Amino acid sequence: MAQPPSLKTEHKQDDQKPLVFDASVLRYQTEIPEQFIWPDEEKPCANTPELQVPLIDLGGFLSGNKQAAMKASTIVGEACQKHGFFLVVNHGVDNQLIADAHRYMDDFFGLPLSEKQRAQRLAGEHCGYASSFTDKSSSSIVQDYLCSKMGEEFKEFGRVYQDYSEAMSTLSVGIMELLGLSLGVGRAYFKEFFEDNDSIMRLNYYPPCQKPDQTLGTGPHCDPTSLTILHQDQVGGLEVFVDDKWHSISPNLNAFVVNIGDTFMALSNGRYKSCLHRAVVNSQTPRKSLAFFLCPRDDKVVKPPNGLVDDTSCPRIYPDFTWPMLLEFTQKHYRADMKTLQVFSNWLQQKSS
């Protein structure tokens, strides 16, 4: 469960001990801790309409079929201008690898809290178990990290997520080719920008909650990263804020949900949207998802290609920055929302003046 931003701040200011979130206990409590109760205007509502998200067949595009490529680029361009969400099928990721990633996620989150805390994420670090289980995706760091924290018995566990991270990196670069084509800058531009990436993988576990109308699994946010590739299990919970109301995206085991993040919104000079989304919980069934966040290498300068900038009709919207600068801003200064990029831009300008 996610805490509202105001309560997170108050909780820190009161110097209280951090609340230990033990899903095996909290999932049965009829009264949830007040730290997790959201304001009335932000609480989830029943019967949200379903978002009509385009389903893009990547098979033809990835195989080099020009007609399929043009069709896919047109569809993805329309979706990214409206809300930044789309689904991809025939993506080339092995079904058994996806199944294994979900199975090992069940195993890990089923462990006693004391066991999971062996991989506890420390303050200031990005890897480890906390409200999320996150690993940087490069080399063999996933497998090495898990073995060092959890023991050699987690070697196969680590191998699965190492392989999954690498598959997601390959898929994300392919999607970047499609986005480049749709923006008219060619397949190679964003592919080359992201080929050597510093990305993040996260395993999400949302336990049942006896008061799902009072809290959220993940609060409303826009991803500050470049691209998110999400695989949901069969339990619904993903919601997107479009046309001033919340919409759901139903699970599809054969598809990945893809959405644009703030960093790519800046790379597209604002043409493609990073959209507010959240995760809701239910009172019956745990929900799990695999999330991969594509991020540029730390030293890459985020700025749109010249073809997307025109001093008269399409001037630059956001200043140059690097991914670590935006990450630091969202972690230390500002909670990621629909205004992140603009507030971040103002912050950068103030720092440089």
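Everything numeric in this text was worked out from a predicted model, so none of it was measured.
- By the rule that hydrophobic residues join a cluster once side-chain heavy atoms approach within less than 4.5 Å of another member, Val258 and Leu97 end up as members of one cluster.
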**Request:** Apply ring pair (Phe, Tyr, Trp, His ring centres under 6.0 Å) to the pair Phe292 and Tyr164, showing each step before the final yes or no.
**Result:** CA-CA 9 Å; Phe292 178 85; Tyr164 187 86; 7.9 Å; no
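- In this structure, the side chain to side chain contact (heavy atoms under 4.5 Å, CB included) partners of Asn346, at least two apart in sequence or on a different chain, are Gln342, Gln349.
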**Asked** Can you check side chain to side chain contact (heavy atoms under 4.5 Å, CB included) on Leu290 and Gln232, steps first, answer last?
**Response** CA-CA 7 Å; Leu290 300 154; Gln232 306 186 79; over 6 Å; no
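- Look at Arg297 and Asp196 and you find a salt bridge, because one of the NZ, NE, NH1 or NH2 atoms lies within 4.0 Å of a carboxylate O, short of that distance.
- With sequence neighbours excluded, the residues forming a ring-ring contact (aromatic ring centres under 6.0 Å, His included) with Phe321 are Phe344, listed by chain and number.
- For Leu253, the side chain to side chain contact (heavy atoms under 4.5 Å, CB included) partners at least two apart in sequence or on another chain are His231, Gln234.
- Val242 is linked by a side chain to side chain contact (heavy atoms under 4.5 Å, CB included) to Leu51, Lys82, His83, Val240, His247, Cys275, counting only residues two or more places apart in sequence or in another chain.
- When hydrophobic clusters are built by joining Ile, Leu, Val, Met, Phe, Trp and Tyr residues whose side-chain heavy atoms come closer than 4.5 Å, directly or via intermediates, Phe194 is grouped together with Leu181.
- For Lys351, there are no salt bridge (charged side-chain N to carboxylate O under 4.0 Å, His left out) partners, not counting sequence neighbours.
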**Request:** Show your working on side chain to side chain contact (heavy atoms under 4.5 Å, CB included) between Leu267 and Lys303 and close with a plain yes or no.
**Result:** CA-CA 5 Å; Leu267 279 169; Lys303 61 180 180 180; 5.8 Å; no
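- Residues that satisfy the side chain to side chain contact (heavy atoms under 4.5 Å, CB included) test with Ala255, not counting sequence neighbours, are Leu55, Leu87, Val89, Asn252.
- Atom CG in Leu171 sits 6.5 Å away from atom CZ in Phe256 (nearest 0.5 Å).
- Around CE of Met325, the count of heavy atoms belonging to other residues, nucleotides or ligands within 6.0 Å exceeds 12.
- Between the side chains of Asn197 and Ser199, at least one donor N or O lies within less than 3.5 Å of an accepting N or O.
- The structure places CG of Leu238 at 4.5 Å from CD1 of Ile249, a figure rounded to the nearest 0.5 Å.
- Applying the salt bridge (charged side-chain N to carboxylate O under 4.0 Å, His left out) rule to pairs touching residues 98-115 yields Asp100-Arg103, Asp106-Lys288, Glu115-Arg118, sequence neighbours excluded.
- Contact of the Arg335 side chain with the Pro220 side chain is registered, since non-hydrogen atoms from C-beta on lie closer than 4.5 Å.
- The two residues Ser345 and Tyr318 have their closest heavy-atom pair at OG-CD2, 3.4 Å.
- Considering every non-hydrogen atom in both Met201 and Ser165, the closest pair reads SD-OG, 3.3 Å.
- Ser250 pairs by the side chain to side chain donor-acceptor pair (under 3.5 Å) definition with Glu50, not counting sequence neighbours.
- Taken together through direct or relayed side-chain contacts under 4.5 Å among Ile, Leu, Val, Met, Phe, Trp and Tyr, Leu327 and Val343 form part of one hydrophobic cluster.
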**Message:** Under the criterion side chain to side chain contact (heavy atoms under 4.5 Å, CB included), I'd like the reasoning laid out for Ile200 against Cys295: C-alpha separation, chi angles, the key distance, then a yes or no.
**Reply:** CA-CA 7 Å; Ile200 300 167; Cys295 311; 4.3 Å; yes
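- Of the inter-residue distances, the one linking Phe109 atom CZ with Asn204 atom CG reads 7.5 Å to the nearest 0.5 angstrom.
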**Message:** Between Thr322 and Asp298, does the side-chain hydrogen bond (donor to acceptor under 3.5 Å, both in side chains) criterion hold? Intermediate values first, please.
**Reply:** CA-CA 6 Å; Thr322 62; Asp298 285 357; over 6 Å; no
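- Hydrophobic clustering, with ILVMFWY side chains joined whenever heavy atoms are under 4.5 angstrom apart, groups Val88 together with Val93.
- Looking at Thr340 and Tyr334, their side chains come closer than 4.5 Å, going by heavy atoms from C-beta outward.
- For the atom pair OG (Ser169) and CD (Glu195), the distance works out to 9.5 Å, reported to the nearest 0.5 Å.
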**Request:** Start with the C-alpha distance between Tyr161 and Phe157, add both sets of side-chain angles, then the distance that settles ring pair (Phe, Tyr, Trp, His ring centres under 6.0 Å), and finish with yes or no.
**Result:** CA-CA 7 Å; Tyr161 291 112; Phe157 180 101; 4.9 Å; yes
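- The shortest non-hydrogen separation linking Pro286 to Pro208 is N-CG, 3.7 Å.
- Side-chain atoms of Asn269 come within 3.5 Å of backbone N or O of Leu308 as a donor-acceptor pair.
- Residue pairs that meet the ring-ring contact (aromatic ring centres under 6.0 Å, His included) test with at least one member in residues 269-288, sequence neighbours left out, are Phe85-His277, His221-His277.
- Across every non-hydrogen atom of Ser283 and Pro212, the tightest pair is N-CG, 4.1 Å.
- Between atom CD1 of residue Ile229 and atom CG of residue Asn259 there is a gap of 10.0 Å, rounded to the nearest 0.5 Å.
- Residues Phe241 and Ile260 do not share a hydrophobic cluster, clusters being chains of Ile/Leu/Val/Met/Phe/Trp/Tyr side chains in contact below 4.5 Å.
- The backbone N or O of Pro224 lies less than 3.5 Å from a partner atom in the side chain of Thr263, making a donor-acceptor pair.
- Residues satisfying the side chain to side chain donor-acceptor pair (under 3.5 Å) criterion with Ser352, sequence neighbours excluded, are absent altogether.
- When every heavy atom of Leu276 is checked against every heavy atom of Asp337, the shortest pair comes out as CD1-CA, 4.2 Å.
- Identified under the salt bridge (charged side-chain N to carboxylate O under 4.0 Å, His left out) test for residues 174-194, with sequence neighbours left out: Glu177-Arg187.
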**Message:** For a side chain to side chain contact (heavy atoms under 4.5 Å, CB included) check, start with the C-alpha distance between Arg271 and Leu183, then their side-chain angles and the critical distance, and finish with the verdict.
**Reply:** CA-CA 9 Å; Arg271 297 193 187 194; Leu183 283 165; 4.2 Å; yes
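- Side-chain N or O atoms of Asp310 include one that pairs as donor or acceptor with a backbone N or O of Thr312 at under 3.5 Å.
- The OG1 atom of Thr228 sits 9.0 Å away from the CG atom of Leu294 when rounded to the nearest 0.5 Å.
- Nearest heavy-atom pair across Leu62 and Gly174 is CD2-CA, 4.4 Å.
- Side-chain contact annotation: Ser289 with Tyr205, donor-acceptor N/O pair under 3.5 Å absent.
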Identify all side-chain donor-acceptor contacts of residues 69-77 below 3.5 Å with residues at least two apart in sequence or on another chain.
unit_1 : atom_1 : unit_2 : atom_2 : d
Ser73  : OG     : Ala69  : O      : 3.2
Ser73  : OG     : Met70  : O      : 2.9
Thr74  : OG1    : Met70  : O      : 2.9

